[in-house]
Structure formats: structure tokens, C-alpha cells
Amino acid sequence: VELIKKYIKDNDIIVEPVIDSTNQYMLERIPHLSSGDTCLAEYQSAGRGRRGRQWISPFGCNLYLSMYWKLDQGPAAAIGLSLVVGIIIAETLNKLTKGKIKVKWPNDLYLNDKKLAGILVELTGKTGDAAHIIIGVGINIGMGKNNIEIENTINQEWASLADEVESIERNILSVNIIQALKEALTLFEKEGLSPFVNRWFELDNFLGRSVKLLIGNDVISGVEKGINQQGALLLEQDNGDIIPYIGGEISLRPN
Ligand code: BTN
């Protein structure tokens, strides 16, 4: 904790052993927060995933982090912001894994074609045009592999950072993530998604692959072609048309 606070001087960093959900903790304190303030926990008793799912959060072996950001461009920019967060986490982890970490639109991280980490961006309230945003990041580190028994309860295959890296210093990793996120989000506020689009293409796990999109009850198949400047997913249909898809209720699956 002291180490994290030593390196991140201009923000509040809250580190607790046990929290219900680091996102919830930050959501409840928004009036007192400034952009970049961050909360970390060793264990979450009610960790949240996307679409109302639970995020299983065993003690002491993973990373659960939430950062507050006041987004002056307003809620519509949150999609771009969440893509930027994925890019930054992937790039930071890639310093440890020689480029093996990939992104899956809109905001999962993959290692060896399996999910390694998830991002949950929650928006609340507005002050003028600005939106208050909590960026939640859960990374499966798997140190000591003491979360293995609970993997059976998760209905997809999972990867851990420990599959690729021998020892992981979670405090140093947290400092690197916090600093990189602050820098990137500051750039995003000034210039939007454009400085990041090429970086996304470098990391896209499904680029050029045959995928299907689940949109409500519809299934659309095609070849994944990356993202556009707005952060929409580009899908090439059988007739060669490339269609952009954006929105919160779309899931991407390998075909
Ligand atoms: C997903 O469904 O893939 C997103 C998972 C996000 C989990 C993180 S862990 C830290 C933060 N606090 C939460 O309750 N959820 C996010």
C-alpha cells in the first residue's frame, strides 16, 4: 500500500482487504472523488460483472481495481473510454507477457484465446455535460493458483497471468496500471479515440476471424474487421459490406 501511495502522489488511493465491490464503493463516494482516484481490494464479497453477472473474487490472488473519472465529453464518450481502458490494460500486461495479451471488443482481455480479465464501466449522474464514470478492472492473476477450485463455477474457460509469468508483483502492476490509465484518459479527453485506433488493431484477438454477434435474439455472422473512429465494431458480411455495430447489448463470439 505504501508503495502504491509513494508513486501515485496526486490521487487518493484506497486499499482495503475486503470490499463488497470496488465499483460500488467508488459509486457511493463520487462527490468526494477526483479523476484518477482509485480503490483496490484483496477480496470482493459482491464483485460485479457485466450484464448483472457476478464477478467471482477470491482473496489475495487477483487484481480488483476501480478508478473514478469525470468525463467532460459526457456519457456518449463512455464506449470509446472503455476501449481505451482495454488497450491500456493489455499494453501494460504485455510488458510482462511478450505481447500475448489481446483485446476482445468491447472490453475483455484475452490470453491464449481464453478470458483473462474483464472491464465494467459504470456511469452515474451528470454535472453539466460531464458524466461521472467508474472504471472497474478485474484481472485473473492466479498467483498460487488458489482460485482454481472456483473456476469450475465459471461457465467459460479462463486464463491466468500466472500461466505465462512466473512471479507477479501486484503492487507494482497496480502502480503501472493506474499511471498508464491516467495518462491515456487525459489524452482521450483531449483527442478522443483517434490516437488509440491503430493500437487497438495491434491487439485485436479476433481481427480477420470469423465471428458471430449476438444482438438481443439475433445472431449476425461475419468476419471481424476491427473498429472505426467511433469505437464501433466492424463486421464484414457475406456480400462484402462492412457494417459498424455499437451498443451495450452486443456480444462477440468466435464462430
Ligand atoms: C466483466 O463482466 O467481464 C467485467 C468484470 C469487472 C470486474 C471488476 S473487479 C473490480 C471492479 N469491481 C466490481 O465489482 N467489478 C469490477
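For ligands, and for the atoms within them, numbers begin at 1 and follow the listed sequence. Below, each value reflects all heavy atoms present in this structure, side chains not excepted, and no hydrogens, waters or symmetry copies.
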Quiz item: Can you name the side chain to side chain donor-acceptor pair (under 3.5 Å) partners of Asp218, sequence neighbours left out?
Solution: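 Counting only residues at least two positions away or on another chain, Asp218 forms no side chain to side chain donor-acceptor pair (under 3.5 Å).
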Self-check item: Contacts of Asn94 that satisfy side chain to side chain donor-acceptor pair (under 3.5 Å) - sequence neighbours left out
Solution: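 Testing Asn94 for side chain to side chain donor-acceptor pair (under 3.5 Å), a comparison that skips the adjacent residues, returns Thr97.
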Side chains of [X] and [Y] only: does a donor on one sit below 3.5 Å from an acceptor on the other?
X: Arg48; Y: Gln54; result: no
X: Glu183; Y: Gln179; result: no
X: Ser45; Y: Asp20; result: no

Practice problem: Give a yes/no on ligand 1: does Lys115 have at least one heavy atom closer than 4.0 angstrom to it? | Solution: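 Yes, that is the case, since the closest heavy atom of the residue is under 4.0 Å from the ligand.
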Practice problem: Measure the distances from the heavy atoms of Gln44 to every atom of ligand 1 and state whether one is below 4.0 angstrom. | Solution: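 Contact check Gln44 vs ligand 1: positive.
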What is the closest protein heavy atom to [atom], and at what distance does it sit?
atom: atom 2 (O) of ligand 1; value: Arg50 N, 2.7 Å
atom: atom 5 (C) of ligand 1; value: Trp55 CE3, 3.2 Å
atom: atom 6 (C) of ligand 1; value: Arg48 O, 3.6 Å
atom: atom 8 (C) of ligand 1; value: Gly138 N, 3.6 Å

Practice problem: Side-chain contact test, heavy atoms from C-beta onward, threshold under 4.5 Å: evaluate it for Leu63 versus Ser174 and give yes or no. | Solution: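 When only atoms from C-beta onward are counted, Ser174 and Leu63 do touch, with a gap below 4.5 Å.
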Quiz item: With side chains defined as the heavy atoms from C-beta onward, is the minimum distance between Leu161 and Arg170 less than 4.5 Å?
Solution: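 No, side chains not in contact.
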Considering the heavy atoms of [X], write down every atom of ligand 1 situated less than 4.0 Å from one of them.
X: Asp108; value: 3 (O)
X: Leu65; value: 10 (C)
X: Ile119; value: 4 (C)
X: Gly47; value: 14 (O)

Quiz prompt | N/O donor-acceptor pair under 3.5 Å between Thr38 side chain and Gly36 backbone | solution =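 Checked: pair present.
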Quiz item: Do any N/O atoms on Arg53 end up under 3.5 angstrom from N/O atoms on ligand 1?
Solution: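 No, since none of the N or O atoms of Arg53 sits under 3.5 Å from an N or O of ligand 1.
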Quiz item: Is there any N or O on Thr22 that sits under 3.5 Å from an N or O of ligand 1?
Solution: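 Between Thr22 and ligand 1, an N or O pair is found under 3.5 Å apart.
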